[in-house]
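Below: one structure, written as structure tokens.
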2 protein chains.
Amino acid sequence: MNSQQAVTLLFALAQEARLDIFRCLVQAGPAGLSAGVISQTLHIPNSTLSFHLKELSHAGMISAKQESRFIYYSANYQSMNALLTYLTDNCCAGQAACCPDMQCQPTKENE
Amino acid sequence: MNSQQAVTLLFALAQEARLDIFRCLVQAGPAGLSAGVISQTLHIPNSTLSFHLKELSHAGMISAKQESRFIYYSANYQSMNALLTYLTDNCCAGQAACCPDMQCQPTKENE
DNA sequence: ACTATATTTCCATAAATATGGAAATATAGC
DNA sequence: GCTATATTTCCATATTTATGGAAATATAGT
């Protein structure tokens with residue numbers, strides 16, 4: 001994970017519709033949701049939704065899985081964790097005192 | 001912290017120059033850096049830097065403190081932690097199993 | 001092949017962001 | 001007040017991003 005990759009992920013989430021979509025998928029769990037369901041849930045027109053899904057997908061924040069006529073989108077937890085790890089790793093230049101309110105302790109390596 | 005606030009913070013970081021600036025400040029610590037030093041370090045013209053500093057500042061990711069002729073900018077760790085907390089709080093809808101690689105355990109409330 | 005449904009692409013347009021030189025505005029020392 | 005330095009604002013321009021209707025494409029059941 002470098003600065004550019006982080007920007008890509010941050011940018012993907014830095015838009016109301018996309019953050020809503022992503023959180024929707026996060027809550028839906030690994031099974032994901034079809035584009036149609038997302039469209040109905042968030043009241044986003046198909047073309048607009050498709051645009052944002054592509055953005056999220058291209059950034060690697062979500063994954064798509066075709067199943068019959070439906071395409072199920074699901075959150076890419078790994079990317080999210082990598083982003084958190086990246087931001088956290090560089091937090092306070094390693095001085096824990098700067099981050100009194102949060103202690104992130106990865107249980108596994110996630111490079 | 002709501003969706004809009006999160007978008008504001010994410011957007012502030014979702015730009016190469018701004019992410020670089022922010023990380024620069026994070027590593028510099030609470031004392032911060034003057035605009036001139038940042039400009040020289042990252043090779044960003046004054047006007048461009050000023051634009052990005054304003055963006056970061058307006059979003060609440062950094063703080064400014066005038067000291068004689070210099071203005072020292074420093075990272076706002078609280079905002080960063082709040083953002084991480086927000087993203088983490090809603091991760092996997094509370095099911096830890098979705099986030100095997102990261103366990104964020106805030107030691108204090110940070111609402 | 002035909003039909004129905006799901007999703008994406010096309011396209012034009014609108015809106016927001018980014019850039020950096022030049023001028024303006026602080027601030028402080030003399 | 002003058003000068004030097006630090007930083008910001010102004011401004012025009014370039015670039016990117018967002019929007020959604022209509023048409024195109026894909027998939028599956030009959």
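Protein chains get the first letters and strands the later ones, always in sequence-line order, with residue 1 at the start of each. FYI, side chains are in, hydrogens and waters are out, and symmetry mates aren't considered; it's all heavy atoms of this structure. All of these numbers come straight from a predicted model, not from anything done at the bench.
Evaluation of the side chain to side chain contact (heavy atoms under 4.5 Å, CB included) rule for B:T48 yields B:I44, B:P45, B:H52 as partners, not counting sequence neighbours. Here A:E16 pairs with B:S3 under the side chain to side chain donor-acceptor pair (under 3.5 Å) rule; sequence neighbours left out. With sequence neighbours excluded, the residues that form a side chain to side chain contact (heavy atoms under 4.5 Å, CB included) with B:S57 are B:I62. By the side chain to side chain contact (heavy atoms under 4.5 Å, CB included) test, A:S50 is found to be paired with no residue, residues two or more places apart in sequence or in another chain being considered.
The side chain to side chain donor-acceptor pair (under 3.5 Å) pairs that include a residue from residues 62-75 of chain A number zero, where partners must be two or more places apart or lie in different chains.
At a non-hydrogen distance threshold of 4.0 Å, B:P45, B:S47, B:T48, B:F51 from residues 35-51 of chain B come into contact with DNA chain C. Against DNA chain C, the stretch residues 55-68 of chain A makes no heavy-atom approach under 4.0 Å.
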* **side chain to side chain contact (heavy atoms under 4.5 Å, CB included) assessment of B:F51 paired with B:E55** => CA-CA 6 Å; B:F51 171 75; B:E55 296 277 301; 3.9 Å; yes
Practice problem: Take A:I38 and A:L53 through the side chain to side chain contact (heavy atoms under 4.5 Å, CB included) test and state the conclusion after the steps. | Solution: CA-CA 10 Å; A:I38 300 171; A:L53 287 173; 4.3 Å; yes
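A nucleotide of DNA chain C counts as in contact with chain A when one of its atoms lies under 4.0 Å from a heavy atom; the first and last such, 5' to 3', are C:dA4 to C:dT9.
Residues A:M61 and A:Y86 share a single hydrophobic cluster, defined by chaining ILVMFWY side chains whose heavy atoms lie under 4.5 Å apart.
Taking atom CG of residue A:D20 and atom P of nucleotide D:dA18, one finds them 14 Å apart after rounding to whole Å.
Atom CG of B:L49 and atom CG of B:L42 lie 8.0 Å apart (nearest 0.5 Å). Separating the CG atom in A:L83 from the CD atom in A:Q78 is a distance of 13.0 Å, to the nearest 0.5 Å. The distance from the CG atom of A:D20 to the CG atom of A:L25 is 11.0 Å, given to the nearest 0.5 Å.
With the end axes of the helix from C:dA1-D:dT30 to C:dC30-D:dG1 each set by five pairs, the angle from one to the other reads 30° at 10° resolution.
Nearer the 5' end of DNA chain D, as judged by each residue's closest nucleotide, is the contact made by A:F11, out of A:F11 and A:R69.
When atom types are taken as modelled, the side chain of A:S39 and the backbone of A:A35 share no donor-acceptor pair closer than 3.5 angstrom.
Proximity of A:Q15 to the phosphate of D:dT16: no side-chain N or O atom is located under 4.0 Å from OP1 or OP2.
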Under 3.5 Å, which donor-acceptor pairs link side chains of residues 5-13 of chain A to any protein atom two or more places apart or in another chain?
from	atom 1	to	atom 2	distance (Å)
A:Q5	OE1	A:M1	N	3.4
A:Q5	OE1	A:N2	N	2.8
A:T8	OG1	A:Q4	O	3.0

